[in-house]
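Data block below; observations after.
Position 1 is the first residue of the sequence; numbering continues from there. Atoms considered below: every heavy atom in the structure, side chains included; atoms not considered: hydrogens, waters and symmetry mates. A quick note: this is a predicted structure, and the numbers were derived from the prediction, not measured.
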Amino acid sequence: MIKPTGSLCNLDCPYCFYLHKGELLGHQSNPRLADDLLEQHIRQYIEAQTGDEVVFSWQGGEPTIMGLAFFEKVIALQNRHRKPGQRIENDLQTNGLLIDDDWGAFLKQHQFFVGLSLDGPQDLHDKYRPTKGGTPTYDKVIRAAHILARHEVPFALLCVVNRDSARRPLEVWRSLTSIAGTYRIQLTPCVEPRTFKQRAPNLSDTSAPVVGAERSRPEHPASIVTEWSVDARDYGDFLCTVWDEWLAHDFGRVHVNLFETAVAQSLGLPAQMCVSAPVCGKALALEHNGNVYSCDHFVYPEYLLGNIRDSHEGDMAFSAKQVAFGLAKRDSLPQYCRDCSVLNLCWGECPKNRLLKTPEGEPGLNYLCEALKRFYARVQRDMPMIRQRLAR
């Protein structure tokens with residue numbers, strides 16, 4: 001995950017897990033990935049790949065702030081350092097505010113895949129995704145979606161499911177699927193501990209509340225999570241409701257990351273998402289200053305692996321520290337998870353969300369456990385029907 005502008009963004013989303021990183025890590029006020037670091041990254045990243053496909057992921061902050069000239073340089077450098085026979089692809093996560101026809105033409109020409117952030121109906125989107133000046137952005141994002149569709153740029157809609165949107169599942173789903181050009185939707189649960197701006201999640205906190213306790217609810221005055229975090233009960237309702245709608249009307253038409261990987265895993269195939277896999281550690285984050293961190297969600301001082309000026313990215317990716325980080329997802333699972341009937345679909349979800357204790361008092365249980373158990377039970381219930389559909 002490349003952060004060419006660090007945490008710099010033209011939006012001021014209250015639920016964003018990355019906006020505070022500049023202050024936390026002492027970044028400069030106007031961060032930019034320098035040309036020499038850009039080339040070092042592209043060269044090292046390509047050198048470290050053993051397969052025929054190399055995928056660059058550009059995120060932020062807001063990466064389009066770098067401008068088109070920066071990404072034209074990216075393409076030139078990728079072509080310069082490409083190994084014989086390699087296929088290089090790029091994906092770009094954007095809020096869409098700067099997307100215009102010039103961007104559309106460039107993204108189409110160079111076959112970028114785009115993730116476009118949109119949180120459902122206008123009122124839900126504008127509540128949590130305003131500009132720095134507090135103005136709404138929904139209409140601008142819809143305009144960006146139309147531009148991408150007109151230029152035939154493949155894109156997915158990334159929807160953050162927060163405390164409010166989780167209570168309106170069908171409205172959210174139908175508003176997303178009504179947008180022309182949409183065939184992929186990514187549902188991302190909003191879960192942030194109250195202390196996320198100061199320190200990394202404490203995965204072994206013995207003072208954490210037990211699953212189902214009042215302090216695990218975002219509305220509680222002493223909650224462990226922010227007030228905008230999704231309530232696990234609501235998230236369970238949201239996933240089950242949208243799953244039923246998807247299965248009835250959009251199966252085979254709209255790709256939903258969580259749903260597709262649940263079906264694949266139920267068929268004995270590997271997970272398509274790191275959060276659903278037994279181990280993690282492959283989604284390293286590169287900051288604008290060359291620092292590399294264990295994960296996009298663990299950009300905290302204690303998860304710093306090094307800097308590409310001093311160490312090769314390939315060495316950092318397979319360092320003992322990073323291997324231990326990735327294996328800890330599996331090895332730190334509480335017994336409650338190991339005994340669970342849907343372990344092979346969940347694997348404890350993302351370690352950053354392991355904020356609760358099990359009913360037996362063991363720390364390391366995922367905040368979304370209640371929701372995920374309900375959802376995966378629904379998947380298991382419907383798999384016989386899905387197998388019949390796939391066999392046709």
Side-chain angles (χ1 to χ4, degrees), residues 1-25 27-35 37-38 41 55-75 90-107 110 112-119 125-148 151 153-160 162 186 188 190 192 196-197 228 283-291 293 295-297 299:
M1 304 289 186
I2 312 158
K3 311 281 189 177
T5 64
S7 59
L8 184 65
C9 189
N10 46 8
L11 294 193
D12 194 18
C13 308
Y15 62 43
C16 182
F17 72 94
Y18 216 83
L19 276 180
H20 70 285
K21 296 299 184 183
E23 183 178 350
L24 175 70
L25 303 174
H27 291 165
Q28 59 194 42
S29 59
N30 191 27
R32 293 289 192 278
L33 182 64
D35 288 351
L37 282 175
L38 173 63
H41 165 64
V55 181
F56 287 81
S57 295
W58 304 93
Q59 300 211 352
E62 175 51 43
T64 60
I65 290 175
M66 294 296 292
L68 269 176
F70 171 83
F71 284 96
E72 288 167 350
K73 194 178 304 177
V74 164
I75 298 299
N90 291 275
D91 58 66
L92 175 76
Q93 181 61 43
T94 179
N95 57 40
L97 266 64
L98 299 179
I99 297 296
D100 58 15
D101 282 313
D102 288 340
W103 272 102
F106 172 85
L107 296 168
H110 297 291
F112 273 63
F113 182 84
V114 174
L116 182 65
S117 295
L118 181 66
D119 281 359
H125 176 92
D126 284 340
K127 179 175 181 179
Y128 288 103
R129 301 191 64 81
T131 66
K132 295 291 188 186
T135 58
T137 61
Y138 179 84
D139 289 339
K140 295 179 179 179
V141 180
I142 297 301
R143 176 178 175 271
H146 291 162
I147 290 172
L148 294 173
H151 286 274
V153 176
F155 68 93
L157 296 178
L158 190 155
C159 175
V160 176
N162 55 57
Q186 181 175 335
T188 303
C190 184
E192 295 296 343
F196 78 101
K197 291 185 179 181
W228 57 79
L284 285 74
L286 173 71
E287 262 291 347
H288 72 286
N289 58 7
N291 282 344
Y293 294 85
C295 175
D296 190 32
H297 288 280
V299 177

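Rounded to the nearest 0.5 Å, atoms NZ (Lys21) and NE2 (His288) are 14.0 Å apart. To the nearest 0.5 Å, atom OH of residue Tyr18 and atom NE2 of residue His297 are 10.5 Å apart. Here the CD atom belonging to Glu287 is positioned 4.0 Å from the NE2 atom belonging to His27, to the nearest 0.5 angstrom. Atom OG of Ser117 sits about 8.5 Å away from atom CD of Gln186, to the nearest 0.5 Å. The line from CG of Leu118 to SG of Cys159 is 7.0 Å long, rounded to the nearest 0.5 Å.
With sequence neighbours excluded, no residue satisfies side-chain hydrogen bond (donor to acceptor under 3.5 Å, both in side chains) with Ser7. Contacts of Tyr15 classified as side-chain hydrogen bond (donor to acceptor under 3.5 Å, both in side chains), with partners at least two apart in sequence or in another chain: Asp119, Arg129. A search for ring-ring contact (aromatic ring centres under 6.0 Å, His included) contacts involving His110 returns Phe106, not counting sequence neighbours. Scanning for side-chain hydrogen bond (donor to acceptor under 3.5 Å, both in side chains) contacts around Ser29 gives an empty result, with sequence neighbours left out. With sequence neighbours left out, the side-chain contact (heavy atoms from CB on, under 4.5 Å) criterion links Pro154 to Phe113, Tyr183. By the side-chain hydrogen bond (donor to acceptor under 3.5 Å, both in side chains) test, Lys140 pairs with no residue at all, sequence neighbours left out. The ring-ring contact (aromatic ring centres under 6.0 Å, His included) search around His41 returns Tyr45, Phe56, not counting sequence neighbours. Annotation: side-chain contact (heavy atoms from CB on, under 4.5 Å) contacts of Thr131 (sequence neighbours excluded): Leu11, Leu97, Thr135, Thr137.
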Residues His151, Trp103; criterion side chain to side chain contact (heavy atoms under 4.5 Å, CB included); working and verdict
CA-CA 9 Å; His151 286 274; Trp103 272 102; over 6 Å; no
Run the side chain to side chain contact (heavy atoms under 4.5 Å, CB included) check on Arg32 and Ile65 step by step: do they pass?
CA-CA 9 Å; Arg32 293 289 192 278; Ile65 290 175; 3.6 Å; yes
With side chain to side chain contact (heavy atoms under 4.5 Å, CB included) as the test, would you mind laying out the steps for Leu25 and Tyr293 before giving the verdict?
CA-CA 12 Å; Leu25 303 174; Tyr293 294 85; 3.6 Å; yes
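Within the structure, the side chain to side chain donor-acceptor pair (under 3.5 Å) test picks out the following pairs touching residues 57-68 (sequence neighbours left out): Ser57-Asp91, Trp58-Asn90, Glu62-Thr64, Glu62-Thr94, Glu62-Asn95. Within the structure, the salt bridge (charged side-chain N to carboxylate O under 4.0 Å, His left out) test picks out the following pairs touching residues 2-13 (sequence neighbours left out): Lys3-Asp296.
Here the shortest heavy-atom pairing between Leu116 and Ala144 reads CD1-CB, 4.3 Å. The shortest heavy-atom contact between Pro14 and Tyr128 is CD-O, 3.3 Å. Shown here for Leu37 and Gly290, the closest heavy-atom pair between the two residues is CD1-N, 3.9 Å. Here the closest heavy-atom approach between residue Leu107 and residue Val114 is recorded as CD1-CG2, 3.9 Å. Smallest separation of non-hydrogen atoms from Val299 and Leu24: O-CD2, 4.1 Å.
Remark: side-chain polar atoms of Asp126 are paired, donor with acceptor, to backbone N or O of Tyr138 under 3.5 angstrom. Here the side chain of Arg143 pairs a donor or acceptor atom with the backbone of Ile99 at under 3.5 angstrom.
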Side-chain donor/acceptor pairs under 3.5 Å, residues 67-75, sequence neighbours excluded:
{"residue": "Lys73", "atom": "NZ", "partner": "Asp35", "partner atom": "OD1", "Å": "2.9"}
{"residue": "Lys73", "atom": "NZ", "partner": "Asp35", "partner atom": "OD2", "Å": "3.1"}

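Residues Cys9 and Leu19 are in side-chain contact: their nearest non-hydrogen atoms beyond the backbone lie under 4.5 Å apart.
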